[in-house]
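Notes to accompany the following structure.
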Amino acid sequence: MSTPSWTLDVFVNLSSALTGVSTEQLKPAIDPIGIAKQYFETLNSNIDRAELDRLGVTFQATSDPNKAAEVILQDPAMGGVARSIMKLWLLGSWYNPKQPTNAVNVVSSQAYKESLVWKIMQSHPMGYSMFPFGYWAKNPPPLEQFIQPASTASKP
Amino acid sequence: MSEQKNYDVVIVGAGLAGAIAAYKLGLAGKKVLILESGVGVPVSREDYMERFYTQLAKTPESPYPDNPNAPRATVLQVGGNGEWKNSANSYLDQSDSTLPFSSTYERRAGGTFWHWLGSSFRFVPNDFSLFSTYGHGRDWPIRYSDLGLPQPGRSSAYYDDAEREIGVSANVADQSYHGLEFTPGYQYPMPSIPLTVTDQYFSDIINGKQRFEGQDVTIYPTPAGRNSRPYDGRRVCAGNTNCIPICPIQAKYDPTVTLNKALDTGNVDIIYQAVADKVLLDESHEKVAGIHYITYTKEGVRSPSGTGVAIGKIYLLAAHAIETPKLLLNSNDQLPAGAANKSGQVGRNLMDHPLFLRWGLTPEPTWPYRGPLATAGIESLRDGDFRKDRAAWRVELGNEGWNFAAFDPESTTLDFIEGSNNTGTNPQNEKLFGQALIQKLNEHFTRQFRFGFLVEQSPEDRNTVTLSDLKDELGIPRPKIHYDLSDYTKRGFVAAKAFTDQIFAAAKVTPYSKTDPSAAGYFTYKDPETGEIHEFDFHGSGHIVGTCRMGDTPEDSVVDRNQRSWDHDNLYIAGSSVFPTVATGNPSLTIAALAFWAADNMLSQLDAQVTS
């Protein structure tokens, strides 16, 4: 049986390389929200299967995920899709690769709340704070407590 | 057509002013009917939150559904490249306006206060006498002491009552600038909201160390209608950084609180989805005989279902400063100029605080996007001799980074993914991913800062709400707007720019403000002495005032100092419509204080009618 080119796991590994966030943070073992699956399905509904397969094949062909991501981002066809993937994770919104600065929609209310920019800024989504009264008077915890960096190790 | 009668008071509008008046009247045993054009209080605000989370543009309107039966302007209708003039795309007809009126309001139970920020300022004493003190604008027929100190026979001031009902968090010691005085021994209901890291950074640099045009520059905590303790059955603020457009947990006050108390008195009825369209007068045209309204069944779809007339002894219009004059002007079957309009001032003197944003990056992280949207501001420059020459402003320190100023975090994220430079922060057109992108974004987001200048707009009779020939889906004329800014106000912008240059330099803030000539609010000002042309663009602050102003004489005002119409002695007008000037503070607290006073006036009149 040949290795499938485009699966949820391939998507999560690619997403980790593109965003710099660990796969454990993008798709935790215990995952009641399932945002990775939501984004995976958003991609599958909007991009041709053939393009996604090519993306998956290219990513898996290089053992260094960073190098693979670089190659993909510089490719005229795949680069746009990869950037749309980054925007899904960072902003919770779907951007058509052909219209890279005009979001089509917010994927879901969970997507908005899970979007990574809020963690990157060491805060919370506007409109969703689980912090206590007065937290804003002090410096926030360091970035490492919000973002678990992607492993930079090459795949075996 | 149904008839609702035997009421003491009929109120149009279940917003802040209407709810407060209904509550006071209901408590005193008076029978009140409220007509509200929009839908009632939702069982839970989760529906509004879900809608908010899924909107791409997080505008003030974003949580609240559109309603073709009770339509309203939205920020998205104020489009750049001249789109704001296109009356096919907007509720307000601005096709003949010079500049766009850019503030919006809500038509539903609780009203526009669903998306107020929470800032609860008293106007300073000289705000009430702009003309006699500085030779500009107009005087109010009342003074600070009428609202800020107890009137004869009362133990609390109207501002005190407003602060208690809303639940304002502040310390008197921080609010005693520009001659503000308080009831002896007065304490705000709750202590001040803690300052953010951003506020503290600027306070350290500014307070006691900066002067501008001969005055001290001082940052003060902002008094806010936001719980710093559990209050009135509501939770403490959790810093959702979302006050506009909606507080997820109702730590920020909204008038549904007061409306529910009003309904609980047992003396207040309310008809939702009842759009008042005519004030009916008796045969002499001296008294109001009823309010005609149109009902509908479904919020999201044009669905008129009938009509009615609401009859009371006294009437109170509290539909905010665009719908109230529109209602009066539309009442033109009996009087061609509309009801309550012998002065010709109904709909005139429309004002806002045109809002001027300036933004930049602090040299070290100050971690914005945390806490309430604003917790501090510069109040020390709201008053002074300069008001003879140019508009005053208060300065709001934003806690939301470049969210409002530059559509962040989206804009900067797109810049560094796409290699563009729309924000000005990516001059090398870097295209990043992975760890490098995270580091870059973190460096930027954690240092974003903005000032917002709320500039005092002059009252001008050329700034008007009139009736458009265009109608809404119930056949009611839409509001037509003419709006412009005076040179006095534009000179306020010039001073704001100079102030920003000074303070940003002192605070080592790298400026990134841009002025976009295609923006709806773009305008220029030519300095008459130097010939220099200044470019600005402004936003609305959400402060709609002036269109049924109070005054000393019936010739040039709509209501007297008691907020009663000069023309019809059983008609009162509440809310920001009655403000003769926009003053230097956000209008909400003054709306509430005046509503308490209007309620007392109506009670006195009702009781006098009984005994006479």
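All figures in this text were calculated on a predicted structure; none of them were measured in a lab. Below, chains carry the letters A, B, ... as their sequence lines are ordered, and counting in each starts from 1.
For the pair Ser129(A)/Thr241(B), no side-chain contact is recorded, criterion being any heavy-atom separation below 4.5 Å from C-beta on. The shortest distance between side-chain heavy atoms of Trp136(A) and Ile193(B) falls below 4.5 Å.
Residue Glu50(B) comes nearest to Ser109(A) through the heavy atom pair OE1-OG, 2.9 Å, listed as atom of the first residue, atom of the second, then distance. The two residues Met49(B) and Gly127(A) come nearest to each other via the heavy atoms CE-O, 3.8 Å. Contact detail for Ser93(A) and Leu56(B): the closest heavy-atom pair is OG-CD2, 3.9 Å. Heavy atoms only, all atoms of each residue included: Val117(A) and Phe445(B) are closest at CG1-CE1, 4.0 Å. Gly239(B) and His124(A) get closest at one heavy-atom pair: O-NE2, 2.8 Å. The two atoms that bring Tyr135(A) and Ala238(B) nearest to each other are CE2-O, 3.3 Å, heavy atoms only.
Contact count against chain B (heavy-atom pairs under 4.5 Å) is highest for Leu143(A) among Val21(A), Leu116(A), Val107(A), Leu143(A). Heavy-atom pairs under 4.5 Å with chain B were tallied for Phe131(A), Tyr112(A), Tyr95(A); the largest tally goes to Tyr112(A). Ranking Ile246(B), Asn422(B), Leu437(B), Asn242(B) against chain A, the residue ahead of the rest is Asn242(B), based on heavy-atom pairs under 4.5 Å. Of the residues considered (Pro245(B), Gly401(B), Pro372(B)), Pro372(B) shows the highest number of contacts with chain A, using heavy-atom pairs under 4.5 Å. Put simply, of Pro140(A), Gly92(A), Ala69(A), the one with the most heavy-atom pairs under 4.5 Å next to chain B is Pro140(A). Between chain B and the options Ile147(A), Leu90(A), Leu91(A), heavy-atom pairs under 4.5 Å are most frequent for Leu91(A). Among Gln448(B), Glu443(B), His444(B), Lys58(B), the residue making the largest number of heavy-atom pairs under 4.5 Å with chain A is Lys58(B).
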Could you go through Val197(B) and Asn139(A), starting from their C-alpha distance and side-chain angles, then the distance that decides it, and tell me whether this counts as side chain to side chain contact (heavy atoms under 4.5 Å, CB included)?
CA-CA 7 Å; Val197(B) 173; Asn139(A) 296 357; 3.7 Å; yes

Could you go through Lys431(B) and Gln74(A), starting from their C-alpha distance and side-chain angles, then the distance that decides it, and tell me whether this counts as side chain to side chain contact (heavy atoms under 4.5 Å, CB included)?
CA-CA 10 Å; Lys431(B) 261 171 122 158; Gln74(A) 282 161 18; over 6 Å; no

Between Ser123(A) and Trp367(B), does the side chain to side chain contact (heavy atoms under 4.5 Å, CB included) criterion hold? Intermediate values first, please.
CA-CA 8 Å; Ser123(A) 186; Trp367(B) 292 289; over 6 Å; no

Between Tyr369(B) and Gln122(A), does the side chain to side chain contact (heavy atoms under 4.5 Å, CB included) criterion hold? Intermediate values first, please.
CA-CA 9 Å; Tyr369(B) 299 95; Gln122(A) 298 166 252; over 6 Å; no

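Heavy-atom distances place no part of Ile249(B) under 4.5 Å from chain A, backbone and side chain included. When heavy atoms are compared at a cutoff of 4.5 Å, Thr413(B) approaches chain A solely by way of its side chain, counted from C-beta outward. Proximity to chain A (any heavy atom under 4.5 Å) is restricted, for Gln439(B), to the side chain, taken from C-beta onward. Heavy atoms closer than 4.5 Å to chain A are found nowhere in Thr366(B), neither backbone nor side chain. Within the 4.5 angstrom heavy-atom criterion, atoms from both the backbone and the side chain of Ala137(A) approach chain B. Interface remark: Gln110(A) contributes no atoms to any contact with chain B (heavy atom separation under 4.5 Å). Of the two parts of Ile417(B), the backbone and the side chain both hold a non-hydrogen atom closer than 4.5 Å to a non-hydrogen atom of chain A. For a residue to count as touching a neighbouring chain, one of its non-hydrogen atoms must lie under 4.5 Å from one of that chain's; by this rule Phe52(B) touches chain A with the side chain only. In this structure, the portion of Asn403(B) lying under 4.5 Å from any heavy atom of chain A is its side chain and not its backbone. With a 4.5 angstrom heavy-atom cutoff, Pro248(B) touches chain A only via side-chain atoms.
Once rounded to the nearest 0.5 Å, the distance linking CD of Gln200(B) with NZ of Lys138(A) reads 8.0 Å. To the nearest 0.5 Å, the span separating CZ on Arg229(B) from CZ on Phe133(A) amounts to 8.0 Å. Remark: Asp415(B) CG to Thr101(A) OG1 distance equals 10.0 Å, nearest 0.5 Å. To the nearest 0.5 Å, the span separating CZ on Arg370(B) from CE on Met121(A) amounts to 11.5 Å. Once rounded to the nearest 0.5 Å, the distance linking CE of Met126(A) with CD1 of Ile244(B) reads 9.5 Å.
Between the Arg83(A) side chain and the Leu414(B) main chain, no donor and acceptor come within less than 3.5 Å of each other. A donor-acceptor contact shorter than 3.5 Å links the side chain of Asn240(B) to the backbone of Tyr128(A). Without hydrogens or angle criteria, Tyr53(B) side chain to Ser108(A) main chain gives no donor-acceptor distance under 3.5 Å.
Surrounding CZ of Phe407(B) are at most 12 heavy atoms belonging to other residues, nucleotides or ligands under 6.0 Å away. Residue-environment remark: NZ (Lys27(A)) stays at or below the threshold of 12 foreign heavy atoms within 6.0 Å. Few gaps surround CD on Glu24(A); more than 12 heavy atoms of other groups in view lie less than 6.0 Å from it.
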